There are 2 protein chains.
Amino acid sequence: MKLNNTSQYAIRIVAYIVQNGSKNKYNAKDISKKLSIPYKYLTKIMSLLVEGNIILSSRGREGGYNIAKELSEIKIGDILEAVKESLHQEECVLGNHLCNKMEKCILHDKWLFTKNSMQEMFKNTTLDDFIAKGVQR
Amino acid sequence: MKLNNTSQYAIRIVAYIVQNGSKNKYNAKDISKKLSIPYKYLTKIMSLLVEGNIILSSRGREGGYNIAKELSEIKIGDILEAVKESLHQEECVLGNHLCNKMEKCILHDKWLFTKNSMQEMFKNTTLDDFIAKGVQR
DNA sequence: TCTAATGACTACCTTAATGTAGTCATTGAA
DNA sequence: TTCAATGACTACATTAAGGTAGTCATTAGA
Ligand code: SF4
Ligand code: SF4
């Protein structure tokens, strides 16, 4: 039970940018070094974040990455979505074996509740929440 | 965010046994057919459940599997533990990058809360809970 | 204009989880 | 006492996630 590697990296990347000045521009090599994320893997993830409109990139000399919007507009959930983490509600504890609503098992509602609270958490946490407390790396 | 395949199978196997009579004995071939779990993969999982003292097995002709204890004594959490699903609390959202308690990030407590409620759910649900409602397959 | 510094793209490699094959060990029934 | 029906064990095959290599495209500055 955890987020996959790519999602974890993505959150750490964005958190890093937020904490070190969201107005600044960051290049792939530096981020890679600072966060110990393999360079090529990092750029792959960055492309996903760009595609998801969370990060802006500029190519060429003096290029780099920066945040695409206001911090308060970006939710953790958006990041996870950008890297295709599956958080879908309709997924059952036992995989995708969806049952009809009439004969649900004991775990159904309990799991849904937990799933919901997790989703709420990701939906309700925005990037500016990171500034105050800080993430250790 | 979901249980891995092996865990899902394990729960479905035990649920199947519970629903079809926990006093009866079941052989691998039948379970495999009924639940569409690859035969060899199934026997591998069964061995884990036997090792975890959830299932008893008897070899030889007329052999098979049956539940090792009273239904009320077996928790979903026990099944997950038997197949080595990692549910450990100390694991952070961002992997194993544990921070010191002084500078925890905004997700820390929220994640812990969710994690806890999930663990509680698994700890507090026993096999006899399955009987009443039934799991669709 | 040329070039070094950058990100984007494509294709491949590695690893861990999932799944399969073959054989051995045990046992009850004929 | 055989032997067919069973589970256990070992080793291999497949797949998907994670990670790497090489090259192309873009751009600011000399
Ligand atoms: S009833 Fe149980 S098995 Fe069926 S979809 Fe809900 S959680 Fe999954
Ligand atoms: S503070 Fe945040 S990053 Fe650090 S261990 Fe807790 S959840 Fe993980």
Side-chain angles (χ1 to χ4, degrees), chain A residues 1-13 17 24-68 80 82-87 94-97, chain B residues 1-14 17 24-68 80 82-86 94-97:
Chain A
M1 290 305 313
K2 61 177 179 186
L3 298 174
N4 65 34
N5 231 327
T6 303
S7 299
Q8 291 174 22
Y9 282 159
I11 295 178
R12 284 174 55 213
I13 291 163
I17 292 177
N24 301 334
K25 193 177 269 184
Y26 300 84
N27 68 56
K29 208 185 291 180
D30 287 349
I31 301 177
S32 163
K33 267 185 207 153
K34 286 283 174 51
L35 301 185
S36 309
I37 299 173
Y39 177 80
K40 292 285 188 175
Y41 193 14
L42 176 93
T43 60
K44 200 188 269 185
I45 297 171
M46 293 316 282
S47 298
L48 289 171
L49 292 172
V50 168
E51 198 186 321
N53 198 33
I54 289 167
I55 297 286
L56 293 177
S57 79
S58 39
R59 286 196 191 181
R61 195 164 173 166
E62 305 287 299
Y65 301 102
N66 54 290
I67 293 280
L80 297 180
V83 296
K84 332 242 191 257
E85 173 78 41
S86 111
L87 291 164
L94 309 182
N96 293 307
H97 299 267
Chain B
M1 289 306 311
K2 62 176 179 185
L3 298 175
N4 65 35
N5 231 327
T6 303
S7 299
Q8 291 173 22
Y9 282 160
I11 294 177
R12 284 175 54 215
I13 291 163
V14 180
I17 291 178
N24 301 335
K25 194 177 269 186
Y26 299 84
N27 68 56
K29 207 185 290 180
D30 287 350
I31 301 177
S32 162
K33 266 185 206 151
K34 286 283 173 49
L35 300 186
S36 309
I37 299 173
Y39 177 79
K40 292 287 188 174
Y41 195 12
L42 176 93
T43 60
K44 201 188 267 185
I45 297 171
M46 293 316 281
S47 296
L48 289 171
L49 292 173
V50 169
E51 198 185 322
N53 198 32
I54 289 166
I55 297 284
L56 293 178
S57 80
S58 39
R59 287 197 190 180
R61 193 161 174 169
E62 304 286 300
Y65 301 102
N66 54 289
I67 293 281
L80 298 179
V83 296
K84 332 243 192 258
E85 174 78 40
S86 112
L94 308 181
N96 293 307
H97 299 266

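Heavy-atom basis, side chains included; hydrogens, waters and symmetry copies ignored. Letters A, B, ... are given to chains in the order of the sequence lines, protein chains preceding strands, and every chain is numbered from 1. Because the structure is a prediction, the values reported are computed rather than measured.
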**Message:** In this structure, how many angstroms lie between the P atom of D:dT10 and the OH atom of B:Tyr41, rounded?
**Reply:** 19 Å
**Asked** What's the shortest heavy-atom distance between A:Ile37 and A:Ile13, and which atoms?
**Response** CD1-CG1, 3.8 Å
**Prompt:** Atom CG of B:Leu35 and atom P of C:dG19: how far apart are they, to the nearest Å?
**Reply:** 14 Å
**Asked** Just by modelled atom types, is the A:Glu85 backbone N or O under 3.5 Å from a matching donor or acceptor in the A:Ser7 side chain?
**Response** no
**Asked** Do the side-chain N or O atoms of A:Thr43 get closer than 4.0 angstrom to the phosphate oxygens (OP1, OP2) of C:dG7?
**Response** no
**Asked** If you look only at pairs with a residue in residues 43-63 of chain B, which of them pass as a ring pair (Phe, Tyr, Trp, His ring centres under 6.0 Å), with sequence neighbours excluded?
**Response** none
**Item:** A:Gln8 (side chain) donor-acceptor with A:Leu3 (main chain) under 3.5 angstrom
**Value:** yes
**Complete:** Here the distance between atom P of D:dA8 and atom CG of B:Leu56, to the nearest Å, is 11 Å
**Closest listed nucleotide, where the reference is the side chain of A:Tyr65 and the choices are C:dG19, D:dG7, C:dA8** = C:dA8
**Request:** Round to a whole Å and report the spacing from NZ of A:Lys33 to P of C:dT6.
**Result:** 10 Å
**Request:** Using atom CG of A:Leu3 as one end and atom C1' of D:dG18 as the other, report the distance to the nearest whole Å.
**Result:** 16 Å
**Prompt:** What integer distance in Å separates A:Leu42:CG from D:dG18:C1'?
**Reply:** 14 Å
**Complete:** The side-chain contact (heavy atoms from CB on, under 4.5 Å) partners of A:Ala28 (sequence neighbours excluded) come to A:Tyr39, A:Leu42, A:Thr43, A:Tyr65
**Request:** Would you indicate which nucleotide in D:dT6, C:dA8, C:dG7 comes nearest to any side-chain atom of B:Lys29?
**Result:** D:dT6
**Item:** Interatomic distance, B:Asn4 CG vs D:dA16 C1' [rounded to whole Å]
**Value:** 14 Å
Every protein N/O within reach of nucleotides 27-30 of chain D N/O, cut-off under 3.5 Å:
residue	atom	partner	partner atom	Å
D:dT27	O2	A:Arg61	N	3.0

**Complete:** Taken in chain and number order and not counting sequence neighbours, the residues that satisfy side-chain contact (heavy atoms from CB on, under 4.5 Å) with B:Asn27 are B:Lys29, B:Asp30
**Message:** Counting only side-chain heavy atoms from C-beta out, which of D:dA8, C:dG19, C:dC9 sits nearest to A:Lys40?
**Reply:** C:dC9
**Prompt:** Out of D:dT6, C:dT6, C:dG19, which has the shortest distance to the side chain of B:Asn27?
**Reply:** D:dT6
**Message:** Tell me every residue that passes side chain to side chain donor-acceptor pair (under 3.5 Å) with B:Thr6, counting only those two or more places apart in sequence or in another chain.
**Reply:** B:Tyr41
**Request:** For A:Lys25, enumerate each residue passing the side-chain contact (heavy atoms from CB on, under 4.5 Å) test, keeping only those at least two apart in sequence or located in another chain.
**Result:** A:Ser58, A:Asn66
**Message:** By nearest heavy atom, map B:Met46 and A:Thr6 onto DNA chain D; which one lands nearer the 5' end?
**Reply:** B:Met46
**Message:** If I take atom CD1 in residue B:Ile45 and atom P in nucleotide D:dA8, what distance separates them, rounded to the nearest angstrom?
**Reply:** 13 Å
Pairwise N/O distances under 3.5 Å, protein to nucleotides 10-14 of chain C:
none

**Prompt:** Which residue lies toward the 5' end of DNA chain C, A:Tyr39 or B:Asn5, if each is placed at its nearest nucleotide?
**Reply:** A:Tyr39
**Prompt:** Does B:Ser57 place a side-chain N or O at less than 4.0 Å from the phosphate oxygens OP1/OP2 of D:dA8?
**Reply:** yes
**Prompt:** Which atoms form the tightest heavy-atom contact between B:Ser32 and B:Pro38, and what is the distance?
**Reply:** OG-C, 4.1 Å
**Prompt:** Does A:Asn53 have any side-chain contact (heavy atoms from CB on, under 4.5 Å) partners at least two apart in sequence or in another chain, and if so, which?
**Reply:** A:Ala68, A:Lys69
**Message:** I want to check one thing: is the phosphate of C:dG19, taken as OP1 and OP2, less than 4.0 Å away from some side-chain N or O of B:Tyr9?
**Reply:** yes
